[in-house]
Amino acid sequence: MVRKTVVKEIVLTIGNESCTAEMLTEQAPTLCAAIEQALPIRAPATHAKLVDREIFLQLPFLIDSMENEKVSANGDIGFWNGRQTLCIFYDDMQPLGAQPTFARMTGDVEGFRRAAASTWEHPGQIITIAAKEE
Amino acid sequence: MSTLERTLTPVQAAVEQIAAARAAITLDEPADIGRLFQQRGTRGQRATSTFYAMMKLAQLAVILGHLRELALKSGLDLATLKAVAAEQMAFYGRTYGGFYHMTDTAAIVQTGLEALPAVESVAEFAALVGAVSNYVGRIEYWIDARVPWPQLGAAFEAAVQP
């Protein structure tokens, strides 16, 4: 039985730049519940090497769910169980394929995009993901 | 010894030990990274030793991930899965602790390897190989953070120009 989710939005922060993402609780209830349980998440961000505008962070657990599997688009946030990575597609990119997707970036994302892009030149920056306070 | 420790099975104890070690390196770079960067490859450079270490860490992480998936979805017999996992963990664990001097990572893999014979269920197998996969994967990402990717990409492009 999937635990009922409470968090509707999360805030992603790198340095002084933040953006909001909507949790896709209807499409991916299991994924959302697993992520919600792990909040707040704090880990070094790694920049993707192939798809271009993607950063990811490894989580210390696996989520065996293929909910809402879709070819990733700009703004999608997914989870790849193969390497236990939470993947943030922060701008236009070339996705490698479909991935379970649990959230979508919303609102003004420009500052966060710049910060995410900077992890290519300055790897290991800490990303924080927290529940958005009402 | 706490009540909790007394009630853990050998597999649970190994999984908890590996998970605790993994938690300790979430934000703090492990000592293995420094040891790896002391090592040099052919002609005294560190690029090849670094990239080969990354490759071998990613290989075990992915292999164990696939074995975990097979265990959960295919119905393959547990003895076969354990034998394959043991072979892989033994090989890669020796590799990490040998040339690459990543002795802590080798010890973590060894912890998983030593717990494998006690595995009695698919759930235990999944938990154990999942924990090892996650740990070695984290080590790979720590190495990744030390690689000057933009400069490397530019140098490579310049070097392979026809």
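First the proteins, then the strands, lettered A, B, ... as listed; each starts at 1. The figures that follow rest on heavy atoms only: side chains count, while hydrogens, waters and symmetry mates do not.
Remark: A/T85 pairs with no residue by the side-chain hydrogen bond (donor to acceptor under 3.5 Å, both in side chains) rule, at least two apart or across chains. Taking B/T50 as the reference, nothing meets the side-chain hydrogen bond (donor to acceptor under 3.5 Å, both in side chains) condition, with sequence neighbours excluded.
Crowding of A/E26 atom CD: a count of heavy atoms from other residues, nucleotides or ligands under 6.0 Å not exceeding 12.
Most heavy-atom pairs under 4.5 Å with chain B: of the set A/H122, A/K49, A/Q125, this distinction falls to A/K49. The residue among A/I126, A/L57, A/L59, A/T119 with the most heavy atom pairs within less than 4.5 Å of chain B is A/L59.
Using a 4.5 Å cut-off between heavy atoms, B/L72 touches chain A through its side chain atoms alone. Heavy atoms of B/E69 lying under 4.5 Å from chain A belong exclusively to its side chain. Within the 4.5 angstrom heavy-atom criterion, only side-chain atoms of A/F56, from C-beta onward, approach chain B. Only the side chain of B/R22 comes within contact range of chain A, with heavy atoms under 4.5 Å apart. Residue B/E29 does not touch chain A at all, counting heavy-atom pairs closer than 4.5 Å.
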Chi angles and distances behind the side-chain contact (heavy atoms from CB on, under 4.5 Å) call for B/S133, A/Q84: CA-CA 9 Å; B/S133 173; A/Q84 304 96 47; 3.7 Å; yes
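Within the structure, side-chain hydrogen bond (donor to acceptor under 3.5 Å, both in side chains) contacts touching residues 94-108 of chain A (residues at least two apart or in different chains) are A/D76-A/R104.
Residues of residues 99-132 of chain B lying under 4.5 angstrom from chain A, judged on non-hydrogen atoms, are B/G130 in numerical order.
Scanning both residues, A/A43 and A/Q58, for their nearest heavy atoms gives CB-O, 4.5 Å. In terms of heavy-atom proximity, B/L64 sits nearest to B/A85 at CD2-CB, 4.4 Å.
Taking the charged nitrogens against the carboxylate oxygens, A/D64 and B/R68 do have a contact shorter than 4.0 Å, which makes a salt bridge.
The residue from A/T25, A/T30, A/I35 that alone fulfils the side chain to side chain contact (heavy atoms under 4.5 Å, CB included) condition with A/F102 is A/I35.
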